[in-house]
Amino acid sequence: MDEAEFEQALLVVRAFVRDRVVPAEARIEQDDEIPDEFRTISRSMGLFGSAIPVVYGGLGLSMECEVRLAFELGYTTPALRAMFGTNNGIAGQVLLEAGSADQKSDWLPRIASGEVIASFALTEETAGSDPSTLRTSARREGGDWVIDGSKRFITNSPVADVFVVFARTDPDAAAVQGISAFLVERSTPGLSVGPRDKKMGQAGELTADVHFDSVRVPATSMIGGEGEGYSAALRSLGPGRARIAGLCVGMAQRLVDESLDYANHRHQSGRPIGSFQLVQGMLADSQTDLYAGRALALEAARAMDDGSDTRIGPSCAKYFCSEMVGRVADRAVQIHGGSGYIKGVPVERIYRDARLFRLYEGTSQIQQVIIATQSLRLRSSLT
């Protein structure tokens, strides 16, 4: 897809988001579900496979284009992007990074088309940002692996067709070295999905626990080699963090637009509240945060595309942009005053939605550790 084609595609996505999805946000919030019609439209636009190479039926977008696409998708409820996010993101990327030729040719075209929903099953009750304490295990029995354990907060698990599951295959290996990844189909005996989580925000983004009770899979279901699961997961997280940064920028743009509209139309003492300097100060801070986040997300994406930075940049972008959108959301509620605290007002919902970005795919604190350790290591290698 050349630049002109991509620009046209962005316009189509923007129209879909703003003309169709934004007016349906209250319905999505109430039903805790994305309407089937939006799933169908997203499939027709190729959104389930935007990051998957053309050879497997995807759009094969660059990281920069993926981030620019996320700017548009982030303008509305995060549940829209979550519907196809794991197909393009951490689940699909693990297959791309470490899958066998047969696994890729079998699964990726169906993932890219949206025929199959993929889910990424890594997080556990005691293993979130630090997977070294992962307890789900897989033991070898003849030509099969038998998986036991449970996963928590797994996105799209209520509707997933296949799970990328991480399990400890060598209990004696140090820390993350004994973790392997497996493709497990939903219909496999012993696999069950718990009730949908009731979350603070991001209604319509479906998450639930996933349980494995002696789930038997063939050896061919292992992704990559034994003990290589964690490294495959790490390689998939960088692009995911860059996309989240883009989503946060899109959400911040929506919040700035809502704040500006309210400041222009809400009157106090006979004039728009936007004429008061203290309100202007909040608007200026939010606009500046938005500009900085957009520039950082794009710079990190470009560095990933040319291979010059695949670790520090994505973490910096995810860290800054997820914290940034929280600040912008807080100011938006403040600018709206009491109205901003009322259900049904967009900034109230977005305030709750924004909070999750600082937690998943590596908390802000984990990003700080990554940024610092990688920066120290890079500097040490130069001196």
Side-chain angles (χ1 to χ4, degrees), residues 6-7 9-26 28-29 38 42 45 47 50 61 63-82 85 201-202 204-205 241-266 274 279-302 316-336 340 345-358:
F6 178 68
E7 290 287 352
L10 275 187
L11 291 176
V12 173
V13 172
R14 175 177 291 189
F16 168 53
V17 166
R18 302 193 184 201
D19 298 341
R20 300 290 300 277
V21 185
V22 168
E25 287 171 346
I28 293 167
E29 175 83 4
F38 293 167
S42 297
M45 291 193 293
L47 293 177
S50 61
L61 298 183
M63 195 72 252
E64 180 180 349
C65 288
E66 277 284 297
V67 166
R68 290 168 62 191
L69 176 62
F71 291 167
E72 302 300 332
L73 297 171
Y75 199 81
T76 189
T77 168
L80 176 69
R81 184 263 179 183
Q202 300 208 9
E205 179 180 351
R241 287 165 180 162
R243 293 185 191 98
I244 289 174
L247 290 173
C248 291
V249 170
M251 181 177 282
Q253 181 68 69
R254 172 71 179 282
L255 287 160
V256 167
D257 289 351
E258 294 284 346
S259 297
L260 291 169
D261 287 344
Y262 191 81
N264 273 326
H265 295 107
R266 173 71 167 92
V279 173
Q280 290 176 354
M282 289 187 285
L283 291 169
D285 286 347
S286 291
Q287 189 71 269
T288 302
D289 265 342
L290 172 59
Y291 267 70
R294 183 186 293 113
L296 176 55
L298 288 171
E299 177 63 24
R302 289 164 184 153
C316 285
K318 198 269 183 182
Y319 173 44
F320 179 84
C321 292
S322 63
E323 295 282 340
M324 173 273 292
V325 75
R327 295 192 297 270
V328 175
D330 188 74
R331 293 189 202 108
V333 171
Q334 194 71 13
I335 290 165
H336 279 68
V345 176
V347 298
E348 181 275 334
R349 173 183 54 78
I350 299 172
Y351 181 88
R352 290 182 286 106
D353 289 347
R355 188 60 182 85
L356 185 57
F357 287 127
R358 291 159 60 190

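Numbers here simply count residues along the sequence, with the first being 1.
For Y262, the ring-ring contact (aromatic ring centres under 6.0 Å, His included) partners two or more places apart in sequence, or in a different chain, are H336. Not counting sequence neighbours, the partners of D257 by the side chain to side chain donor-acceptor pair (under 3.5 Å) test are Y75, Q253. Under the rule for a salt bridge (Lys or Arg N to Asp or Glu O under 4.0 Å), the partners of E66 that lie at least two apart in sequence or sit in another chain are R243. In this structure, the side-chain contact (heavy atoms from CB on, under 4.5 Å) partners of R327, at least two apart in sequence or on a different chain, are D289, F320, E323, M324, R331. Partners of A317 according to the side-chain contact (heavy atoms from CB on, under 4.5 Å) rule, which considers only residues two or more places apart in sequence or in another chain, are A245, L296, A300. For the salt bridge (Lys or Arg N to Asp or Glu O under 4.0 Å) test, residues two or more places apart in sequence or in another chain that qualify with E7 are R68. Legend: residues meeting salt bridge (Lys or Arg N to Asp or Glu O under 4.0 Å) with R254, ordered by chain and number and at least two apart, are E25, E258. Under the rule for a ring-ring contact (aromatic ring centres under 6.0 Å, His included), the partners of F357 that lie at least two apart in sequence or sit in another chain are Y360. Under the rule for a side-chain contact (heavy atoms from CB on, under 4.5 Å), the partners of A242 that lie at least two apart in sequence or sit in another chain are M63, V67, M304. Applying the side chain to side chain donor-acceptor pair (under 3.5 Å) criterion to E72, with sequence neighbours excluded, gives R14. E348 pairs by the salt bridge (Lys or Arg N to Asp or Glu O under 4.0 Å) definition with K343, R352, not counting sequence neighbours. For R20, the side-chain contact (heavy atoms from CB on, under 4.5 Å) partners are F16, E37, F38, I41, not counting sequence neighbours.
Here the closest heavy-atom approach between residue L255 and residue A332 is recorded as CD2-CB, 3.9 Å. Considering every non-hydrogen atom in both A263 and V279, the closest pair reads CB-CG1, 4.4 Å. Nearest heavy-atom pair across V249 and A297 is CG2-CB, 4.4 Å. When all heavy atoms are compared, the tightest approach of K318 to R358 is NZ-C, 3.9 Å. A pairwise comparison of heavy atoms in P23 and R18 identifies CD-O, 3.6 Å as the closest pair.
One distance of note links OG of S322 with CE of M251; it measures 11.5 Å at 0.5 Å rounding. Rounding to the nearest 0.5 Å places CD1 of I350 at 8.0 Å from OG1 of T76. Note that CG of L247 is 10.0 Å distant from SG of C321, once rounded to the nearest 0.5 Å. Residue R355 holds its CZ atom at 13.0 Å from CG of D353, rounded to the nearest 0.5 Å. In this structure, CE in M282 is found 9.5 Å from CG in D330, a value given to the nearest 0.5 Å. The distance from the OG1 atom of T77 to the CD atom of E205 is 8.0 Å, given to the nearest 0.5 Å.
Contact annotation: the side chain of S259 approaches that of L283 to within less than 4.5 Å [non-hydrogen atoms, C-beta and beyond]. Counting heavy atoms from C-beta on, the side chains of L69 and L47 come closer than 4.5 Å. At least one side-chain heavy atom of V328 sits less than 4.5 Å from a side-chain heavy atom of V256.
Within a 6.0 Å sphere centred on CD of Q280, heavy atoms belonging to other residues, nucleotides or ligands number more than 12.
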